Amino acid sequence: MLREEGIDARSFNASLLVEPGSLETKAGEPYKVFTPFWRAMLQQIEVPEPRPVPNRVPAPSHWPRSSALRDLELEPTIDWAAGIRESWQPGVAGAEARLRLFDRRMGGYEETRDRPDLEGTSRLSPHLHFGEIGPREVWHRAGRSAQSRAAGPYLRQLVWREFAHHLLFHFPQTTREPLRPEFLEFPWQPDRRSLRAWQQGRTGYPIVDAGMRELWATGWMHNRVRMVTASFLIKHLLQPWQDGARWFWDTLVDADLANNTLGWQWVAGSGADAAPYFRIFNPILQGKKFDPEGDYVRRWVPELARLGAPHIHAPWTASDTILREAGIELGKTYPEPIVDHDAARARALAAYHRTRSEGDGERAES
Ligand SMILES: Cc1cc2nc3c(=O)[nH]c(=O)nc-3n(C[C@H](O)[C@H](O)[C@H](O)COP(=O)(O)OP(=O)(O)OC[C@H]3O[C@@H](n4cnc5c(N)ncnc54)[C@H](O)[C@@H]3O)c2cc1C
């Protein structure tokens, strides 16, 4: 429209490394698998250096009349955001500070990126989402860093963000619908009480509850725990992934349509390059493996703080004496597990097999 009006208008891509739609398979199809997309990106795309910050951004000589920001009353009247304010410094300076901090730690990324009890990741996601730092800047700074030899795994993760935007561009319906049509028939069992217990971090599974409470308090959750909590909602509780995606959308400071959609469809097994549905995260083993001492749980679920590492991820396995000494009364101070893991797993697999066999019938899959 601007051009039709004779106004010189040009658009520049700064929010992504590669314009969505510009990478395709040899058959001219959109990539649906990450690794070939990543390889194609490395082979075909030269990421340009970011341009220097302009000395001056010319402002209009007369500003149009406008409302003041506070007139929009965007801030909630009940102040629930203290934890978010403490955790983040929004803006370019905050993004720069995070990148500088991470620069020193990048060498350990591969070993620590899956540990929610350690600060192993960059926490740049909200800054990238809001454009307070660009992916080109991150890409080149990581490449130039003193730890650049260790930058590969980190850059690969940054390219998952590209892949998510690429998928959203080609399959915009996936924000609402599964990419794999057989999942349209999935026998979800929507239930407000289950959803609520999950949202409030009261499922009785400590790693799930810790993640949901971290999310509520800070607006962010560690990637490993996003996978575990999403899997728990979808598979243990059989709640539609869209309900989980909506809650993340409302509560994440990095809520991003492309990344959130990819994440949820990946866990549900209904998306591109997704985890197979039958891979059901065991919240007890995930906790033991990625939060071995239980420090993450103790931080976010203080009612379990006095429980030792052997029982922290499954408090119901502790003896009455141990529970009493830790000041825990299951069902009162901390919930009993909302579902039994083995039974929930069996129920999820049965639902999945039914979906698959119906899907197979329709598509006569070989
Ligand atoms: C169910 C689910 C929902 C998610 N929703 C979102 C969301 O709304 N917004 C969001 O930014 N990320 C989302 N993610 C992806 C990932 O969890 C976050 O990007 C990551 O935890 C952000 O932390 P970080 O900046 O420390 O990541 P780092 O490990 O430091 O990674 C650097 C950057 O790479 C990108 N990135 C990393 N992992 C992924 C990934 N798996 N998919 C896409 N991009 C990635 C992010 O921009 C991130 O800031 C979701 C993942 C899951 C499983």
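Predicted, not measured: the structure shown is a model, and the values here were computed from it. Atoms within each ligand, like the ligands themselves, are counted from 1 in listed order.
In summary, the side chains of Ser270 and Gln265 do present a donor paired with an acceptor at a separation below 3.5 Å, with no hydrogens or angles considered.
In this structure, the protein non-hydrogen atom closest to atom 9 (N) of ligand 1 is Asp254 O, 2.8 Å. Here the heavy atom of the protein found nearest to atom 21 (O) of ligand 1 is Asn223 CB, 3.4 Å. Of the protein's non-hydrogen atoms, the one nearest atom 38 (N) of ligand 1 is Gln157 NE2, 3.3 Å. Among protein heavy atoms, atom 8 (O) of ligand 1 sits closest to Asp256 N, 3.1 Å. Of the protein's non-hydrogen atoms, Arg226 CD, 3.7 Å is the one closest to atom 50 (C) of ligand 1. For atom 2 (C) of ligand 1, the nearest protein heavy atom (residue, atom name, distance) is Gly263 CA, 3.7 Å. Looking from atom 3 (C) of ligand 1 to the surrounding protein, the closest heavy atom is Asn260 OD1, 3.3 Å. Scanning all protein heavy atoms for the shortest distance to atom 33 (C) of ligand 1 gives Leu158 CD1, 3.9 Å.
At a 4.0 Å cut-off, not a single heavy atom of Trp266 sits close enough to ligand 1 to count as contact. Note on ligand 1: His129 sits outside its first shell, no heavy atom being nearer than 4.0 Å. Using a 4.0 angstrom heavy-atom cutoff, Arg113 does not count as in contact with ligand 1.
Residue nearest to atom 23 (O) of ligand 1, selected from Phe102, Trp220, Trp241: Trp220 (by heavy-atom distance). Which of Asp114, Ile133, Asn259 comes nearest to atom 11 (O) of ligand 1 through a heavy atom is settled by distance: it is Asn259. Distances from atom 44 (N) of ligand 1 to the heavy atoms of Arg161, His165, Glu162 show the closest one on Arg161. Scanning Trp160, Trp264, Phe163 for the heavy atom closest to atom 40 (C) of ligand 1 points to Trp160.
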Walk me through it: do Phe290 and Tyr296 pass the test ring-ring contact (aromatic ring centres under 6.0 Å, His included)?
CA-CA 9 Å; Phe290 297 110; Tyr296 177 72; over 10 Å; no

Between Trp264 and Asn260, is the side chain to side chain donor-acceptor pair (under 3.5 Å) condition met? List the steps. CA-CA 6 Å; Trp264 280 94; Asn260 201 35; 3.2 Å; yes

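At a 4.0 Å heavy-atom cut-off, ligand 1 does not touch Ala164 at all. Residue Leu128 touches ligand 1 through its side chain alone, judged by heavy-atom distances below 4.0 Å. Under 4.0 angstrom from ligand 1, the non-hydrogen atoms of Tyr154 all belong to its side chain.
Each of the atoms 28 (P), 29 (O), 31 (O) of ligand 1 lies under 4.0 Å from some heavy atom of Tyr109. Interface of Leu252 with ligand 1, defined as ligand atoms under 4.0 Å from a residue heavy atom, comprises 5 (N), 7 (C), 8 (O). Below 4.0 Å from some heavy atom of Ala255 lie the following atoms of ligand 1, by number and element: 8 (O). Using a 4.0 Å cut-off to heavy atoms of Arg123, the atoms of ligand 1 that qualify are 24 (P), 25 (O), 26 (O). Counting atoms of ligand 1 from 1 in the listed order, those under 4.0 Å from a heavy atom of Ser125 are 11 (O), 22 (C), 23 (O), 25 (O), 49 (O). Listed by number with element, the atoms of ligand 1 under 4.0 Å from a non-hydrogen atom of Leu124 are 25 (O), 49 (O).
Counting heavy atoms from C-beta on, the side chains of Pro335 and Thr203 never come closer than 4.5 Å. Here the side chains of Val267 and Trp241 are not in contact, with every heavy-atom distance at 4.5 Å or above. Looking only at side-chain heavy atoms (C-beta outward), Leu128 and Leu158 come within less than 4.5 Å of each other. Thr355 places none of its side-chain heavy atoms less than 4.5 Å from the side chain of Tyr277.
The residues Asp254 and Arg161 are annotated as not salt-bridged, no charged nitrogen and carboxylate oxygen being separated by less than 4.0 angstrom. Salt bridge absent: Asp342 and Arg345 never bring a charged side-chain N and a carboxylate O closer than 4.0 Å. The pair Glu110-Arg156 fails the salt-bridge criterion, with no side-chain N (NZ, NE, NH1 or NH2) lying under 4.0 Å from an Asp/Glu carboxylate O.
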Show me, pair by pair, the donor-acceptor contacts under 3.5 angstrom made by side chains of residues 308-323, not counting sequence neighbours?
from   : atom 1 : to     : atom 2 : distance (Å)
His311 : ND1    : Thr317 : OG1    : 3.4
His313 : NE2    : Gly287 : O      : 3.1
His313 : NE2    : Asp291 : O      : 3.0
Thr317 : OG1    : Ala314 : O      : 2.6
Ser319 : OG     : Ile322 : N      : 3.2

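The hydrophobic cluster containing Leu167 does not contain Phe248, counting ILVMFWY residues as joined when their side-chain heavy atoms lie under 4.5 angstrom apart, directly or transitively.
Side-chain atoms of Arg224 do not come within 3.5 Å of backbone N or O of Gln286 as any donor-acceptor pair.
In this structure, Phe34 has its ring center under 6.0 Å from that of Trp160.
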